[in-house]
Amino acid sequence: MTQVNDASSNLIARRRRLLGPSYELFYDRPVHLVRGEGVWLFDAEGERYLDAYNNVVSVGHCHPHVVAALARQAATLNTHTRYLDETILDYAERLLATAPPHLGHALFTCTGSEANDLAIRIARHATGGHGVIVTDCSYHGATIATAALSTSAGGLAVLGEFNAAVPRPNTFHDDGAGARQFLGALQAEVDRLCAGGKRPAALLLDSAFSSDGIFFPAAELIQGAGDIIHRAGGLLIADEVQSGFGRLGTGMWGFARYGLVPDLLTLGKPMGDGHPVAGVMARPELLEGFAAAEGYFNTFGGNPVSAAVGIAVLDVVQGESLVENARRVGDYLREEILTLKSRHACIVDVRGAGLYCGVELVGETLPAGSMARRVANAMRQRRVLVSNCGPGGTVLKIRPPLVFAREHVDQLVEALDAACTERA
C-alpha cells in the first residue's frame with residue numbers, strides 16, 4: 001500500500017471512529033479533496049486532479065450558473081411540495097420535454113435509490129405482480145427493495161423468491177455469447193416466476209449496464225427484453241441514474257439508443273450537479289390508481305431549491321451543447337485508448353458510448369481485478385481519477401463530467417499509458 005501522510009492517516013482514523021466501518025474509500029492512498037472546479041479537483045496540499053469518474057457533477061464541479069441558481073433560491077424560499085410554487089412546475093415542464101410524450105408525469109425524490117424504489121412500488125401496484133428482474137452484476141440503490149436487487153453489491157442483494165437476476169448481456173467474453181443468450185435467459189426466468197405464481201412486476205435495466213461492466217448490446221436484444229416483460233404483464237423501468245442526461249452522446253436518455261419505450265424512467269446522480277435531486281417519469285395512467293391507493297410524498301424531493309438547481313443543470317446541458325460534446329469527445333477518448341490497446345497486452349477490450357467508457361484489463365501474473373485496481377491506483381498517483389466495475393472489478397470505469405475536452409482526454413490517456421506500462 002502506498003504511504004499515507006500523517007494528516008490523511010489522522011482523517012482516516014477519525015472517519016473510522018465517527019462513521020464506523022461501512023464507508024469505503026477509493027484508492028490505496030485516499031485523496032483528501034478540498035475544492036472542485038470544472039473537471040478539476042484539488043487536494044489539501046494544492047495538487048490538482050483530473051476527475052474522470054464523477055458523473056454526479058455532470059456539468060462540472062461548482063458550475064457558476066448552477067451555484068448562482070442554488071444560492072438565489074435558497075435565499076428566497078425553500079419548503080416542500082404541499083404548497084403552490086411555480087419552480088417545481090417549471091422544472092417538471094422542462095424535464096418532461098426531454099422525454100417521449102408518453103411519459104407525462106414527474107415525481108421527485110432526493111436520490112436514485114429512492115427513485116428506483118418508487119418506480120418499483122408503482123409497477124407492483126399497476127401490474128398486481130411483485131417480482132423484479134435485474135442483471136446479475138447490477139446496482140440500483142440502497143433502500144431495502146433496491147439493495148436486494150443490487151447484485152453487484154455482494155451481500156446486499158437477497159433476491160428472495162419473487163425477484164430474479166439474469167446474466168448481463170456481455171458483448172465481450174466468449175465472443176459475445178452472453179449477449180446472444182440474454183433473451184433466452186430472461187424468458188426462462190419470466191417463465192419460472194410465472195409458473196410459481198410469482199408474476200414479475202418489472203424488468204429494471206440500467207441503459208449502460210454500468211455496474212455490470214459497461215455494455216452496449218444490439219438494439220434488438222434490448223427491445224426484445226422489453227417485449228418479453230410486457231407479454232408477461234410487467235413493466236419496463238429504464239434506470240438512467242448513471243447513464244442519463246446526455247452522457248451517452250446520442251440524446252438525453254440512454255434507452256433511446258435502443259429504440260425502447262419504457263413505462264417508467266428513473267433519474268438521479270447528474271440531475272443536480274452534486275445537489276441531491278432525483279425522480280421518476282411515468283405514464284400518467286400508472287399513477288392514477290397508485291395515487292388513490294398509496295399516494296406519494298417526499299419532504300425534500302422537489303423542493304424549490306432542488307427544482308431551481310435542476311433547471312440550471314438543464315440550462316447548461318442544453319445551452320453549452322454538452323450532449324454533442326459527449327459524443328465528439330467520447331469518440332476521441334475511445335480512439336485514443338484503442339491506440340494503447342495495440343501497445344499494451346493488458347488492455348483487451350474498449351467499449352462505450354459518449355463520455356462513458358469501459359476498459360477491460362487482464363494481467364499475466366495477477367487476477368484481472370487486481371490488475372484493474374492497480375492501474376486505477378497508478379493513475380491516481382498521476383492525478384487522474386477513475387474507478388473499477390464489473391464482476392471482480394476487471395473494468396476501468398471512465399465517466400467524466402460532460403465538460404471534458406480533448407486536452408483532458410490527452411492527459412487521461414497519457415496517465416493510462418504510463419500506468420499500464422508500470423503494471424505490465
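Heavy atoms only: backbone and side chains are in, while hydrogens, waters and symmetry mates are out.
Applying the side chain to side chain contact (heavy atoms under 4.5 Å, CB included) test between Asn388 and each of Val375, Leu396, Val395, Thr394 identifies Leu396 as the sole match.
With hydrogens and angles left out, the side-chain atoms of Thr146 and Asn116 include no donor and acceptor closer than 3.5 Å. In summary, the side chains of Trp253 and Ser207 do not present any donor paired with an acceptor at a separation below 3.5 Å, with no hydrogens or angles considered. In summary, the side chains of Thr151 and Ser138 do present a donor paired with an acceptor at a separation below 3.5 Å, with no hydrogens or angles considered. For the residue pair Arg399 / Tyr53, a side-chain donor-acceptor distance below 3.5 Å is found, with atom types taken as modelled. In this structure, a donor-acceptor pair under 3.5 Å is present between the side chains of Asn303 and Ser306.
Taking the six-membered ring where tryptophan is involved, the planes of Tyr91 and Phe108 are essentially parallel, since the angle between them stays under 30° and well short of 60°.
For Tyr356, there are no ring-ring contact (aromatic ring centres under 6.0 Å, His included) partners, not counting sequence neighbours. Among residues two or more places apart in sequence or in another chain, the salt bridge (charged side-chain N to carboxylate O under 4.0 Å, His left out) test is passed with Arg383 by Glu47. Under the side chain to side chain donor-acceptor pair (under 3.5 Å) criterion, His173 pairs with Glu360, sequence neighbours left out. Remark: Glu320 engages His63 in a side chain to side chain donor-acceptor pair (under 3.5 Å) (not counting sequence neighbours). Remark: Gln318 pairs with Arg94 by the side chain to side chain donor-acceptor pair (under 3.5 Å) rule, at least two apart or across chains.
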Enumerate donor-acceptor pairs with a distance under 3.5 Å from any side-chain N or O in residues 127-136 to protein atoms, sequence neighbours excluded.
from	atom 1	to	atom 2	distance (Å)
Thr127	OG1	Ala123	O	2.8
Thr127	OG1	Gly129	N	3.0
Thr135	OG1	Asp212	OD1	3.3
Thr135	OG1	Asp212	OD2	2.8
Asp136	OD1	Arg168	N	3.1

Chi angles and distances behind the side chain to side chain donor-acceptor pair (under 3.5 Å) call for Ser321, Asn325
CA-CA 6 Å; Ser321 302; Asn325 187 70; over 6 Å; no
Run the side chain to side chain donor-acceptor pair (under 3.5 Å) test on His344 and Asp417 for me, step by step, so that the C-alpha distance in whole Å, both residues' side-chain angles and the decisive distance to 0.1 Å come before the verdict.
CA-CA 8 Å; His344 295 290; Asp417 187 13; 2.6 Å; yes
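Under a cut-off of 6.0 angstrom, the local environment of CG in Leu18 is crowded, with over 12 non-hydrogen atoms contributed by other residues, nucleotides or ligands.
A salt bridge links Arg35 with Glu37; the closest basic N to acidic carboxylate O contact falls under 4.0 Å. With respect to the salt-bridge test (charged N to carboxylate O, under 4.0 angstrom), the residues Glu294 and Arg124 do not qualify. Taking the charged nitrogens against the carboxylate oxygens, Arg327 and Asp331 do have a contact shorter than 4.0 Å, which makes a salt bridge.
Remark: Arg380 is not positioned above the aromatic ring of Tyr49, lacking an NZ or CZ atom under 6.0 angstrom from the ring centre and at most 45 degrees off the axis.
Nearest heavy atoms, Leu118 versus Leu107: CD2-CB, 4.0 Å. Nearest heavy-atom pair across Leu322 and Leu402 is CD2-O, 3.7 Å.
Remark: side-chain polar atoms of Asn55 are paired, donor with acceptor, to backbone N or O of Gln242 under 3.5 angstrom.
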